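Here the structure is laid out as structure tokens; the discussion comes afterwards.
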2 protein chains.
Amino acid sequence: MADNTQVKNANGRGGDKPTTMADIARIAGVSTATVSRALANPAVVTAETREKIDRAVADADYRVNTLARNLRKMETRTILVIVPDIANPFFSDIFRGIEEVAHENGFVAVIGNTEVDPEREAAYANMARERRADGLLLLDGKLPAWASGASALGGVPFVMACEYVDGPDICLVRTDNYDAAKLAVAHLAELGHRRIAHIAGPLDRSISQDRMRGYHDGLAEAGLDDDPALIFEGDFGLDSGTAAIPTLMLGKPTAIFTSNDEMAMGAIQGLRAMGLGVPEDVSVVGFDDIRFAGAYNPPLTTVAQPRYEIGRLATEMLMQLLSGHELGQRQRVLNSSLVIRESSAPPAKAGG
Amino acid sequence: MADNTQVKNANGRGGDKPTTMADIARIAGVSTATVSRALANPAVVTAETREKIDRAVADADYRVNTLARNLRKMETRTILVIVPDIANPFFSDIFRGIEEVAHENGFVAVIGNTEVDPEREAAYANMARERRADGLLLLDGKLPAWASGASALGGVPFVMACEYVDGPDICLVRTDNYDAAKLAVAHLAELGHRRIAHIAGPLDRSISQDRMRGYHDGLAEAGLDDDPALIFEGDFGLDSGTAAIPTLMLGKPTAIFTSNDEMAMGAIQGLRAMGLGVPEDVSVVGFDDIRFAGAYNPPLTTVAQPRYEIGRLATEMLMQLLSGHELGQRQRVLNSSLVIRESSAPPAKAGG
DNA sequence: TTGAAAGCGCTAACAC
DNA sequence: GTGTTAGCGCTTTCAA
């Protein structure tokens, strides 16, 4: 059975010549055009011809060469998904939805993991222009190139998800982060909290900004004061949630609304380190409802976004764009919902 | 700025003819061969020629057509990574390492998310044979096709990571799951636990089997009895960890070793639901040290695998394979280590 | 319904 | 150091 670098077969990479469509044509006694047709659109050839071809294909274990097909058709059937961090469960769930729709349409989804590194962002943005991908799905709103709109991408079709830049013609699927944040703050206010802190995400990202705005307006609507000492800008990472606590607790909040679940977990760790319990001493509300939010101790009250659905919808939109169909709507805003669990409760002084 | 489906540019997809190498050649007053050389290997043309070409490329905003290049060179510079579940943080961390090495080598990594569905597994396995990928990285040991060795993949170079099937010539990067599991059990035994339960992963997967064997042998070496009532087969999901608890607790264990961290978290939820605390009533040890293990409450004692490193190493191996170099070693076994945190402690009766 | 033939845009001999 | 030329394997007119 030999060594894995040298195994050969009918289609072999081991050095011998691979089977081509011409070989099949010769074996079946037809032209390459007919083989091509039989493979792409079986209905268009006679049953007899089809049979001969099918047999030849099976005998030779033939597979079309996608490379040649791609060049001829000038398409790759590949979409490139640009994400800031694939190891973030938020993105990997969205990706599941993307990958599924892509696959259903005979497309392949490639991930470009930028780690928010401008150099890598640029490298990936170029991929589409070099015709390594037919279209782009952007989950990373920071790319400066996007800011100037579609033209900066050289006419490559793209859809943004979650993050966004302004522009009337930009295709976009997202949830209403502003509303959801307001809801989260309202929930805490209703429980009786008066001093509600906020751990924000990086403020150069649209979702962080929206959640922050929702926080401010939520406070205002509840008639609570808006103390700058109760705001901390994190980076969506666990550690930044923990790091926020010592500073934030100086302002004596009884509740904290964090811009994602990871920072909520980090914050809870930080509170624990100070000997404070959640929700007994401080309530915490997160955002995203990632896979582990409900299984955390305490289970996290958080905003559930339909991540899988966002991925599916954005990809369906891109498929429309690629097939040249007119889009019904360019912007879709999905509903998110507050999931109330044990990490939020009335403040201690309110008597539980 | 028009509509994102119709924007055109020099390389345009909007319908007008794209710039080709022939255009650049004409503008620069050289042959296409020279343009090709100047782009691929600048040192081989004179500075003067290079300059003319560079200017023409910049002016026309030219990008090589990878489709044509790929056909000509009969390569895709793409590797396909087959994973059972990308939303699992264990895999997404490995993928980070993969994606990085691929990128360093001018390759692109595509994820094939199988969801352990045989149909999708087969579809992805075919991709390489259709020349949509140059090589395969298998993180999913279940594909029946692999079982028969390299030949089943039609000579496509591949490397397995973590999961494996037997075969002397299979390229493989993994950690020693057997040893690590023994270590975990030894740790619990040393703390004074006598009845140690095990929540296994799906037993048709090599890693589950290895961890289970390590559990058995770990018990034996500690002189503990091996009670079938203390074993439960889960599916690596959170819920299966929770589901295991009612059954398992009938056997009165004081400690549980789970085959991954997700099931450990699930188990802790299940114990909580029964009013049992961790580690006061029952100690829990997980496996993998995923992103949230240390931030869990209680922080999880677990086996840390160098996931990122596994991804990097496996990809480096595949790059070797693809470049035709002889491999130093076909199998690499990396070290994992036990990370002791608060979820494991001496049993209550031991007075710890 | 089928065949002949013309490329898709690039790279790599081979000649100069 | 540069140009000429012959394809890579497929799809798709256009004719028959």
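Side chains included, hydrogens not; waters and symmetry mates left out as well; all remaining heavy atoms used. Lettering of chains follows the sequences in order, A, B, ..., and the numbering in each one begins at 1. Please read these numbers as outputs of a predicted model, since none were measured by experiment.
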Between the side chains of [Y] and [X], is the shortest nitrogen-to-carboxylate-oxygen separation below 4.0 Å, so that they form an ion pair?
{"X": "B/R96", "Y": "A/E115", "value": "yes"}
{"X": "A/D140", "Y": "A/R205", "value": "no"}
{"X": "B/E316", "Y": "B/R312", "value": "yes"}

Scan A/T49 against the nucleic acid and name what it touches under 4.0 Å (heavy atoms): base, sugar-phosphate only, or nothing.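 The residue A/T49 makes sugar-phosphate contact but no base contact.
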
Round to the nearest Å and state the distance from [X] atom [atom1] to [N] atom [atom2].
{"X": "B/L39", "N": "D/dT2", "atom1": "CG", "atom2": "C1'", "answer": "16 Å"}
{"X": "B/R26", "N": "D/dG3", "atom1": "CZ", "atom2": "C1'", "answer": "17 Å"}
{"X": "B/L67", "N": "D/dG9", "atom1": "CG", "atom2": "P", "answer": "16 Å"}
{"X": "A/N65", "N": "D/dG9", "atom1": "CG", "atom2": "C1'", "answer": "6 Å"}
{"X": "A/I53", "N": "D/dC10", "atom1": "CD1", "atom2": "P", "answer": "13 Å"}
{"X": "B/E75", "N": "D/dG9", "atom1": "CD", "atom2": "C1'", "answer": "16 Å"}
{"X": "B/K52", "N": "D/dG1", "atom1": "NZ", "atom2": "P", "answer": "14 Å"}

Taking only side-chain nitrogens and oxygens of A/Y62, does any of them come within less than 4.0 Å of OP1 or OP2 of D/dC10?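 So the side chain of A/Y62 is within the cut-off, an N or O lying under 4.0 Å from OP1 or OP2 of D/dC10.
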
Between A/T20 and D/dG9, is there a side-chain N or O to OP1/OP2 distance below 4.0 Å?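 No, because none of the side-chain N or O atoms of A/T20 sits under 4.0 Å from OP1 or OP2 of D/dG9.
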
Short heteroatom pairs, N/O only, protein and nucleotides 12-16 of chain D, under 3.5 Å:
{"residue": "D/dT12", "atom": "O4'", "partner": "A/R72", "partner atom": "NH2", "Å": "3.2"}

Pair B/R77, B/E75 - check salt bridge (Lys or Arg N to Asp or Glu O under 4.0 Å), show working. CA-CA 6 Å; B/R77 305 233 109 202; B/E75 65 174 25; 3.3 Å; yes

Counting distance only, does the side-chain N/O of B/T32 pair as donor-acceptor with the main-chain N or O of B/A25 below 3.5 Å?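 Between the backbone of B/A25 and the side chain of B/T32 there is no qualifying donor-acceptor contact (under 3.5 Å).
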
Residue pair [X] / [Y], side-chain donor-acceptor N/O under 3.5 Å:
{"X": "A/N126", "Y": "B/R63", "result": "yes"}
{"X": "B/Y164", "Y": "B/Q331", "result": "no"}
{"X": "B/N70", "Y": "B/T76", "result": "no"}

Contact interval (first through last nucleotide) of DNA chain C with protein chain A, 4.0 Å heavy-atom: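 That gives a stretch of C/dT1 to C/dG9.
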
Which pair of heavy atoms, one from A/L139 and one from A/A161, lies closest together, and at what distance?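 For A/L139 and A/A161, the tightest heavy-atom pair comes out as CD2-CB, 3.3 Å.
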
Between B/V44 and B/M74, who's closer to the 5' end of DNA chain D by nearest nucleotide?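 In this pair, the answer is B/V44.
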
